[in-house]
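In what follows, chains are A, B, ... by sequence order, proteins preceding strands, each numbered from 1. Computed from a predicted model, the values in this text were never measured in an experiment.
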Number of protein chains: 2
Amino acid sequence: MSGGVEWALHCCVVLTGMTEPVPAARLAEFHDVSPTYLAKQLQALSRAGLVRSVQGQAGGYVLTRAAEEISVLDVVEAVDGRAPAFVCTEIRQRGPFAATPEACRTPCGITKVMIEADRAWRESLRATSIADLAGTVARDVGAETLPRAQAWIAQRD
Amino acid sequence: MSGGVEWALHCCVVLTGMTEPVPAARLAEFHDVSPTYLAKQLQALSRAGLVRSVQGQAGGYVLTRAAEEISVLDVVEAVDGRAPAFVCTEIRQRGPFAATPEACRTPCGITKVMIEADRAWRESLRATSIADLAGTVARDVGAETLPRAQAWIAQRD
DNA sequence: TTGACTCGGACATGGGTTGTCCGGGTACGT
DNA sequence: ACGTACCCGGACAACCCATGTCCGAGTCAA
């Protein structure tokens, strides 16, 4: 899985409850990561419609929906794409005992298992929202840390 | 996910019920894939203990256990490794609001979600065995095709 | 109108998977 | 007992995608 997924998720968490747009450079400074590469991940979120970009001075990114309405799966699919990890190359149609194409209208047994596992994985990621993650942060390091961090992010130099 | 997983799974299915060792070259010919690259996957299965290699003339590969005792997950982990897809880089310990290392003894909320999804994925793959796959093949293309294919594989030129 | 700040897509680089090869070792035939 | 032929095993390149970077188009504030 792409490493940018982690960055994007952390960004979504700190964007929770933010009313003013936040520039990508500030998010990068807060997380101490490459600003240009983080920008790419945020562009992916924008393309997926999870965040709205505001241009010009005082511009930046804002969540388009409430954090409760954004699942972890939404972010993962926005950054890494919606394609399943396993792709069947139909090797049953090759070799001396090749199956006829008409017998391959339905996916083979291996593919079915992979699709089912993929579904379970996505279902698990769908069960948690960004708001849930923010709540976990509050429970782990204290309820006051997230608002303090957001205040630091909101101030413009 | 590595494409070699698909090859390895197909090989395990055709090895079901085989009593004589099968050379990698013959498995490659049957599936019409690169013999040398397929050999690499079989070596991975051998390292994981799923198959036993027999050297010398009339050598090849044999399953070490009954097909009912080999899960799809076993094969996937043997080829692609047991490492989880998501790796936490602990960016919460970086930047101006870095969390103290002692506060990070437990994984962060994002990592917890990823671990749980990974667990669900593996659990789903563990539920199906190679024997189940062989049964699906018999149900899809007829019960006589698999034994006929195995007979073709067993004959030595 | 000016200016400066923002995002967006197009451009290099590096590690990992894919693909290949030859040597060590083993069992069979003589 | 020896020679031989076959098979597996780990070491060696080539390609591709993810990582990382840059500059131009657009936009809002002053």
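Between the P atom of dC28(D) and the CD atom of Glu20(A) lies a distance of 15 Å, rounded to the nearest Å. Whole-Å rounding puts the Gln55(B) CD to dG9(D) P distance at 6 Å. Taking atom CZ on Arg52(A) and atom P on dT27(D), their separation rounds to 11 Å, with Å as the unit. Here dA30(D) presents its C1' atom at 8 Å from CD of Gln57(A), a figure rounded to the nearest Å.
Both Gln43(B) and Ser46(A) sit near DNA chain C, but only Ser46(A) has its closest nucleotide nearer the 5' end.
Just one residue in the list Val72(B), Leu73(B), Asp132(B) forms a side-chain contact (heavy atoms from CB on, under 4.5 Å) with Val113(A), and that residue is Val72(B).
At distances below 3.5 Å, not a single donor-acceptor pair connects side-chain atoms of Arg65(B) with backbone N or O atoms of Val51(B). A donor-acceptor contact shorter than 3.5 Å links the side chain of Asp80(A) to the backbone of Ser2(A). Side-chain atoms of Arg92(A) never come within 3.5 Å of backbone atoms of His10(B) as a donor-acceptor pair (strictly under, hydrogens ignored).
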Side-chain donor-acceptor distances from residues 138-151 of chain A under 3.5 Å, at least two apart:
from      : atom 1 : to        : atom 2 : distance (Å)
Thr145(A) : OG1    : Gly142(A) : O      : 2.8
Gln150(A) : NE2    : Val14(A)  : O      : 3.2
Gln150(A) : NE2    : Thr16(A)  : O      : 2.6

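Using a 4.0 Å heavy-atom cutoff across all strands shown, Ala39(A) reaches no nucleic acid atom at all.
In the set dG9(C), dG8(C), dT6(C), the nucleotide with an atom closest to the side chain of Arg47(A) is dG9(C).
Annotation: cation-pi geometry not satisfied between Arg122(A) and Trp121(B) (NZ/CZ under 6.0 angstrom from ring centroid, within 45° of ring axis).
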How would nucleotides 11-22 of chain D be written as a contact map, 5' to 3', with B for base contact, S for sugar-phosphate-only contact and - for no contact, using protein heavy atoms under 4.0 Å?
-> B-------SBBB
